[in-house]
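The structure's right below; bear with me while I get my questions together.
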Amino acid sequence: MASAPSTASRSPETVIRAPGSAPQPAVDVTALTTRDDFLLELGQALGGQAAMRPVDSLDEALQSMAGGKRGQILAIDAREVADVRVDGQDLAAFAAHHVQVPRAVVLVFAEGPAEKELGAALKGTKVFAVLPASIEPRKTQAVFEGAMAEALASKAAPTSRATLAPERQFAIGAFRRQSEPQSPDEERAGRPWMVLIGAALAAAGIAAGAFWFFMHGNSGPAAPAKEPAAARAPAPAAITGPTDSAPAPAAPASNFLVQGKVDELLEKARLAMHERRYTEPAGDNALLYYRSAAAADAANGEAGDGLQRVAGVLAARFEEALSGGRVDEAVLTLANFKAASSADARVAAFEQRLHSAEMSKALADGNFDRAAALVRQAQQSGSMAADQLARWRTDIARRQEDAKLQHLAGLVEDRIRDGKLTEADDSARSYLQQLQTSAPASAHTQRAVHALTTAYLKKAREAVLAKNNADEERWLNEARGLGMKAAEITTFQHELVGARQKAVQAETDRTLQLTRAALRDGRLTDPAQDSAAWYLGQLQSGDPANAALPDASRELSGKLLERARAAVLAGKSGDADLAQAKRWGADPKEVLAVQQLAAPNSKGPDPASLASSLKRLRAPSPDYPATAQAQRIAGSVTLEYTVDTSGETRDIHVVEATPPGVFDQAAINAVKHWRYAPLLVNGAAVDVPVRTRMRFELPK
């Protein structure tokens, strides 16, 4: 249900005021509806000429209107308002309330077949008009102008409706387009719909003007008849506010003109023309003054000439606005042009061009509802040829279908990005199926098929690299379901084999690099999953035929033998390293030699005496860590290492450090660069285990 007043824009009221005065709405419109979109469209059609108030019930509407000080219009949306289809009891309730607002003007809005049924049922009642619920701005503006004039006149009239002559009783039938006549049976069938909701109409001339515009659509106001000026309704006022619909001059109403002496009006018109105030501002422009003078004296030649000059200016403005693509400006300009010269031969051509421009703009904006409304307006007014209307309908249908396909294709792409390829109804596959059903040969469909096929193949490639054969087959089957041919699948599988080989080679190269780094750093068997033995095991299981495997195995077994020999010479067990050396292909003779060193009856040299016999050839001092020096920290590091048969140091590791972790790396780096003379035992160079303590003291 509507819960807030409409936000229809406010513009100057229908009564012309002096420049600078505060504009106010001339009438109150009470809208009985449950739809916010109806309120918005109605507010746009009114263009701010009335204050609009939404209500939820007929009782609320009548109570709201009863205290109004302005003219009152009741607009009923028949689509969801049950009070329109009332029985006798509801009519009685309405009659009881209606005495509070006897002069309210009632408009009924209906949709589809209901419009005709209500029109027939309300024919002859006090309802002012039945209009389409899908607001047609041109028609709605014209009818509302008449209804507003009626409401204002009824508000001011001292007499009641009962005192008016019968010929002034304006019936709904006059406002309805001519259609097939209804039979008496049809009229009787429609009577349960009838609602006597109306209000008095005051001026027959006002009603006739509104009727003329409704019946003649876009043809513009009729040329003045040859009758006294006092009996003719004046032409529409100049329109100066923005609009979003086709041009529609206001219905004739005396309150849109300025009252005054003809000479004074002409003097003001001349000044306005001199200052080029042709249609602006709203209450002080040449068009208004010339029209007011012509209304007061239809035979006045200067007023007629002035209107023609204004029309010439407006025609040029219309051409300029239309050429510049300013459709809204062209709408306003044409409405003022018709007010200045309604019988001008250019009106019909201008209206056709404007209608085409509005249609082009609506289609370019993708506003297909607006485009369809323009086609209906053109058909009702008869301003466009039937073949042009047919082309427009075809174009609208084509663009609507293309927009639908584009939307579905966009959903396919969105779901691919989200990773929702096949899940339930909200997936790329489900939206693609809808596309294929609607337009299998469409470019949108073909692009979506290609995008989803590519996504399936990407999933298949990922499954291959993960060695997941089940997923690989699943995604390839999905691709087959989208029409991927067997030859293309085979080609893709060959590409996958190549991709797999490249991936294996890349992993092998990475493992080799990690193996060499671990050997270089002395991480032969520890840590368990970050050592040379671990990485070499991975390489052996993944690529046993790798050409680099023998060299890496030989290097690892050699280093393990050296470490086992050093351990034996230091009086420790080297069994673990010997076992690993055997695994990686160490020479059995070398393994046996180390084992013999560990035999109980072996009279190998004492490691301590060997170490004391070493001659150091080069021993650069360690670098004092900058952080420790800045913090004035001193300490020491105890290291163990092996001097090999070439006199170089290896297997360097920290045994003890004070404080821990401060000087460790500096000590290791220094020992790496120490060099010794090879130590000979029984004529052969031997590895010598060494233990040393390195001090780090601050300078005094």
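Just so it is clear, the values below take in all heavy atoms, side chains as well, and ignore hydrogens, waters and symmetry mates. These figures come from a predicted structure and were not determined experimentally.
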(request) Evaluate the side-chain proximity of Glu462 to Asn468: yes if any heavy-atom separation is below 4.5 Å, no if none is. (result)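 Counting from C-beta outward, Asn468 and Glu462 never come under 4.5 Å.
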
(request) Show the numbers, then the answer: is there a side chain to side chain donor-acceptor pair (under 3.5 Å) between Arg474 and Thr422? (result) CA-CA 11 Å; Arg474 172 196 172 194; Thr422 60; 3.3 Å; yes

(request) Salt-bridge test for Asp418 and Lys420: reply yes if a basic N is under 4.0 Å from a carboxylate O, no otherwise. (result)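 Salt bridge flag = no for Lys420 with Asp418.
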
(request) Taking all heavy atoms of Arg461 and all of Phe492, pick out the closest pair and write down the distance. (result)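 Heavy atoms of Arg461 and Phe492 come nearest at NH2-CE1, 3.2 Å.
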
(request) Please check if atom CG in Asp425 has more than 12 non-hydrogen atoms from other residues, nucleotides or ligands closer than 6.0 Å. (result)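 It does not: Asp425 CG has 12 such atoms or fewer within range.
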
(message) If we check side chain to side chain contact (heavy atoms under 4.5 Å, CB included) with Met359, which of these qualifies: Asp395, Leu354, Val375?
(response)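 Only one option passes, and that is Val375.
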
(request) Locate the shortest heavy-atom distance separating Asp687 from Pro689; write the atom from each residue and the value. (result)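 Result for this residue pair: O-CD, 4.0 Å.
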
(message) Donor-acceptor pair, distance only, cut-off 3.5 Å: does the side chain of Ser442 make one with the backbone of Ala439?
(response)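 Judged by distance alone, no pair lies under 3.5 Å.
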
(message) Check whether Asp644 reaches the backbone of Ser646 with its side chain - one donor and one acceptor, N or O, closer than 3.5 Å.
(response)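 Here the side-chain-to-backbone pair exists.
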
(message) Please check if the number of heavy atoms outside Asp521 that lie under 6.0 Å from its CG is greater than 12.
(response)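 Buried by this count: over 12 neighbours within 6.0 Å.
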
(request) May I ask you to say whether Glu478 pairs ionically with Arg429, meaning some side-chain N is under 4.0 Å from a carboxylate O? (result)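 Arg429 and Glu478: salt-bridged.
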
(request) Output the distance between atom CG (Leu476) and atom CD (Glu473), rounded to the nearest 0.5 Å. (result)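 CD of Glu473 is found 6.0 Å from CG of Leu476.
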
(request) Using a strict 4.0 Å threshold on nitrogen-to-oxygen distance, state whether Asp577 and Arg565 make a salt bridge. (result)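 No, no charged N to carboxylate O under 4.0 Å.
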
(request) List the atom of Pro625, the atom of Ala666, and the distance in Å for their closest heavy-atom pair. (result)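 That would be CG-CB, 4.3 Å.
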
(request) Would you check if Thr525 and Trp534 make a side-chain contact, meaning some heavy-atom pair closer than 4.5 Å? (result)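 Thr525 vs Trp534: side chains apart.
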
(request) Supply the atom-to-atom distance Glu358 CD to Asp328 CG, rounded to the nearest 0.5 angstrom. (result)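 One finds 8.0 Å between CD of Glu358 and CG of Asp328.
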
(request) Kindly give the heavy-atom pair with the smallest separation between Leu549 and Asp543, and that separation in Å. (result)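 Looking at all heavy atoms of both residues, the shortest contact is CD2-O, 4.5 Å.
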
(message) Between Arg480 and Glu488 (salt bridge meaning N to carboxylate O under 4.0 Å), is one present in this structure?
(response)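 Salt bridge between Arg480 and Glu488, a charged N being under 4.0 Å from a carboxylate O: no.
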
(message) So that I can tick it off, tell me whether Arg317 and Glu329 are bridged by a salt bridge, with the cut-off set at under 4.0 angstrom between side-chain N and carboxylate O.
(response)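 No, this pair does not count.
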
(message) If we check side chain to side chain contact (heavy atoms under 4.5 Å, CB included) with Lys139, which of these qualifies: Gln377, Gln380, Arg376?
(response)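 Of the listed options, the one satisfying the test is Gln380.
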
(request) Compare every heavy atom of Ala685 with every heavy atom of Thr645, then report the nearest pair and how far apart it is. (result)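 For Thr645 versus Ala685, the nearest heavy atoms are CG2-O, 3.5 Å.
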
(message) For the residue pair Tyr456 / Asn477, report whether a side-chain donor-acceptor contact shorter than 3.5 Å exists.
(response)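 Their side chains do not contain a donor-acceptor pair, so the 3.5 Å distance test is not met.
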
(message) If I compare all heavy atoms of Ser557 with all of Ala581, which pair ends up nearest, and what's the gap?
(response)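 Of all heavy-atom pairs spanning Ser557 and Ala581, the closest is CB-O, 3.7 Å.
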
(request) To the nearest 0.5 Å, tell me how far Ile416 CD1 sits from Tyr431 OH. (result)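 Between Ile416 CD1 and Tyr431 OH, I get 13.0 Å after rounding to 0.5 Å.
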
(message) Regarding Arg398 and Asp402, does a basic nitrogen lie under 4.0 Å from an acidic carboxylate oxygen?
(response)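 Result for this pair is no, no salt bridge flagged.
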
(message) Would you say that Gln379 contacts Arg393 through its side chain, given a criterion of any heavy-atom pair below 4.5 Å between the two side chains?
(response)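 They are in contact (side-chain heavy atoms under 4.5 Å apart), so the answer is yes.
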
(message) Return the CD to CG distance between Glu507 and Leu465, rounded to the nearest 0.5 Å.
(response)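 The CG atom of Leu465 is 11.5 Å from CD of Glu507, to the nearest 0.5 Å.
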
(request) Indicate whether any N or O donor in one side chain lies under 3.5 Å from an N or O acceptor in the other, for Arg510 and Gln538. (result)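 On atom types as modelled, these side chains do not qualify, holding no pair under 3.5 Å.
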
(message) Nearest 0.5 Å, please: how far is OH in Tyr535 from CG in Asp530?
(response)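 Between atom CG of Asp530 and atom OH of Tyr535 there are 3.5 Å.
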
(message) Looking at Glu640 and Lys572, is there a salt bridge between them, counting it only when a charged N and a carboxylate O are closer than 4.0 Å?
(response)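 A salt bridge links Lys572 with Glu640.
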
(message) One thing to verify: whether Glu319 and Arg353 come together as a salt bridge, which I'm taking to mean a side-chain N less than 4.0 angstrom from a carboxylate O.
(response)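 Salt bridge: yes.
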
(request) Drop me the distance from Asp664's CG to Leu639's CG, to the nearest 0.5 angstrom. (result)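 If I round to the nearest 0.5 Å, the distance is 8.0 Å.
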
(message) Can you tell me how the ring of Phe696 sits relative to the ring of Phe663, calling it parallel under 30°, perpendicular over 60° and tilted otherwise?
(response)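 Parallel.
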
